[in-house]
Amino acid sequence: MVRSWDAAVERAQDRLAAGVRLRAVAEGEERRFARWDLASLLEGGPGDLVDPDGLDLPAERAWRERLGESGRDWPGGELYRRRYWILDARGEVAGTVAVDNWTKGPSQLAVSSLYLRPQARGQGLAAAALDEVYASATAEGLPGFRLEAHWGWQSAVRYYLRRGLWVVGWKRSLSFARMPQLPSHRVREEDGRLLLLVADRQRGWVPILAAGQEGRWLRLDETADYRGCDGWVHEYARSTLALYLALAGRPLVRGPQWWAEAWRWAEAGEPEGLAARIEEFERTERAAGRAVVGPYRPVVLPEAPPLVSPRLADSGDG
């Protein structure tokens with residue numbers, strides 16, 4: 001039984017530092033890590049690829065000014081998380097990841113700054129780093145980890161879904177989690193519908209939700225297996241399928257009445273809440289002068305028919 005989450009986090013951090021896939025950032029390497037962090041922000045936001053080790057101070061300042069508040073350097077903030085280099089098979093630095101010194105959500109480790117330089121991708125290094133964080137967390141009794149990603153970071157968002165992370169919220173950005181209580185999941189297209197399936201040891205992949213389309217609207221159907229799911233799967237399955245739908249350019253709204261109540265799910269839950277959040281995320285990006293290229297289409301309600309006076313309608317005048 002975990003008596004102190006702080007102590008469990010400390011032990012999990014020690015496990016990460018003692019592993020072979022990660023190396024703790026040493027004294028004197030802080031500025032280098034900050035440049036790699038900046039490269040991650042530039043690729044995730046504007047889509048610019050830069051060599052983090054090729055950035056001199058003037059170039060770094062210029063890029064940070066372009067990013068605005070999101071590109072601000074927060075050296076004091078590093079006191080609240082531990083930073084690690086992701087190492088390749090030769091033991092050389094290939095990327096970064098950071099883990100907070102306190103828990104988030106239901107006592108999970110909070111992960112940030114996951115980044116690999118382009119030439120190091122496709123080798124499973126990011127997946128191995130996330131596996132290492134998860135193993136260290138669960139070994140100390142912590143229920144997995146949680147991380148955030150902006151809607152506009154499409155490649156990262158798709159990657160986290162491929163890695164089997166569940167969508168647990170969208171308050172300020174998209175929140176993903178990996179927890180022992182949540183099985184692996186995947187989606188499959190069948191007869192024009194997207195099915196969300198979860199892994200079952202005895203039965204294999206079991207469909208729990210099906211999302212189809214009726215005209216311009218979403219049709220969301222539950223299976224008997226969904227209604228029998230435990231609380232964790234039941235809570236996050238709809239949010240997770242909603243993000244799959246958004247990335248596929250499918251409708252997230254079941255009709256005008258559902259859309260009118262989207263505010264009820266402003267932080268997580270039904271797909272209409274995600275639709276409203278995506279529109280808000282994209283409005284914010286446009287207001288900041290940044291281009292928005294995403295697969296999801298805003299909700300357009302049908303125009304109401306013009307009001308006709310009953311007296312004129314019944315008059316018979318031609």
Side-chain angles (χ1 to χ4, degrees), residues 2-19 21-45 52 55 60-61 63-65 67-87 93-116 126 128-151 153 156-157 160 165 167-179 267-268:
V2 175
R3 295 182 179 178
S4 168
W5 293 124
D6 291 340
V9 171
E10 185 71 21
R11 292 193 299 270
Q13 299 277 20
D14 290 342
R15 284 179 178 272
L16 290 173
R21 301 181 185 278
L22 305 177
R23 176 173 69 78
V25 171
E27 185 177 353
E29 293 183 314
E30 297 87 354
R31 291 307 312 155
R32 185 187 184 195
F33 188 95
R35 290 193 295 270
W36 282 64
D37 221 2
L38 175 61
S40 174
L41 291 171
L42 288 170
E43 183 176 350
L55 288 173
E60 179 182 350
R61 287 174 176 168
W63 283 117
R64 291 192 186 280
E65 288 177 4
L67 286 174
E69 185 67 16
S70 65
R72 183 177 175 184
D73 194 8
W74 298 89
E78 301 304 340
L79 297 174
Y80 305 106
R81 63 178 189 165
R82 292 198 195 177
R83 295 153 296 166
Y84 301 92
W85 298 113
I86 298 174
L87 306 178
V93 170
T96 60
V97 68
V99 180
D100 283 4
N101 290 331
W102 68 86
T103 56
K104 188 172 184 178
S107 301
Q108 299 161 314
L109 290 182
V111 176
S112 60
S113 297
L114 182 64
Y115 172 74
L116 286 177
L130 290 178
D131 288 346
E132 193 80 6
V133 173
Y134 182 75
S136 297
T138 54
E140 297 301 336
L142 297 165
F145 66 80
R146 186 165 179 157
L147 56 80
E148 311 288 320
H150 295 292
W151 161 250
W153 297 6
V157 169
Y160 295 140
L165 274 61
V167 179
V168 297
W170 45 64
K171 184 174 182 180
R172 295 183 180 87
S173 59
L174 299 173
S175 299
F176 296 85
R178 182 178 175 187
M179 304 170 63
E267 297 185 10

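All residue numbers refer to positions in the sequence shown, counting from 1.
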Let me see the working for Phe176 and Val157 under side chain to side chain contact (heavy atoms under 4.5 Å, CB included), right down to the final yes or no.
CA-CA 9 Å; Phe176 296 85; Val157 169; 4.0 Å; yes
Do you know which two heavy atoms are closest between [X] and [Y], and how far apart they sit?
X      : Y      : result
Ser112 : Arg81  : OG-NH1, 2.8 Å
Leu130 : Tyr160 : CD1-CE2, 4.5 Å
Gly169 : Ala268 : CA-CB, 3.8 Å
Arg15  : Ser136 : CB-OG, 3.7 Å

Side chain to side chain donor-acceptor pair (under 3.5 Å) between Gln13 and Tyr84, intermediate numbers included:
CA-CA 10 Å; Gln13 299 277 20; Tyr84 301 92; 2.5 Å; yes
Measure the [atom1]-[atom2] distance between [X] and [Y] for me, rounded to the nearest 0.5 Å.
X      : Y      : atom1 : atom2 : value
Thr96  : Trp85  : OG1   : CH2   : 7.0 Å
Asn101 : Asp6   : CG    : CG    : 9.0 Å
Leu42  : Leu55  : CG    : CG    : 8.0 Å
Trp36  : Leu116 : CH2   : CG    : 8.5 Å
Asp37  : Glu30  : CG    : CD    : 13.0 Å

Using salt bridge (Lys or Arg N to Asp or Glu O under 4.0 Å), reason through Arg178 and Asp131 one step at a time and then give a plain yes or no.
CA-CA 10 Å; Arg178 182 178 175 187; Asp131 288 346; 2.8 Å; yes
So, are [X] and [Y] salt-bridged, with charged N and O less than 4.0 Å apart?
X      : Y      : value
Arg64  : Glu60  : yes
Glu148 : Lys171 : no
Arg82  : Asp14  : yes
Glu29  : Arg23  : yes

Between Trp5 and Trp102, is the gap from one ring center to the other below 6.0 Å?
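Ring centres of Trp102 and Trp5 not closer than 6.0 Å.
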Within-4.5 Å side-chain heavy-atom neighbours: [X] and [Y]:
X      : Y      : answer
Val97  : Leu22  : yes
Ile86  : Val93  : no
Val9   : Leu142 : yes
Ser173 : Trp153 : no
Arg146 : Val168 : yes
Ser40  : Ser113 : no

Qualifying residues under side-chain hydrogen bond (donor to acceptor under 3.5 Å, both in side chains), relative to Arg172, sequence neighbours excluded:
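If we apply the side-chain hydrogen bond (donor to acceptor under 3.5 Å, both in side chains) test to Arg172, skipping adjacent residues, there are no hits.
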I'd like to check the salt bridge (Lys or Arg N to Asp or Glu O under 4.0 Å) partners of Glu132; sequence neighbours left out, ordered by chain and number.
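Scan of Glu132 (salt bridge (Lys or Arg N to Asp or Glu O under 4.0 Å), adjacent residues dropped) gives Arg21.
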Please answer whether the main-chain N or O of Ala135 pairs with a side-chain N or O of Thr138 as donor and acceptor at a distance below 3.5 Å.
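Yes; judged by distance alone, with no hydrogens or angles, the pair exists.
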Between Val111 and Asp100, is the side chain to side chain contact (heavy atoms under 4.5 Å, CB included) condition met? List the steps.
CA-CA 7 Å; Val111 176; Asp100 283 4; over 6 Å; no
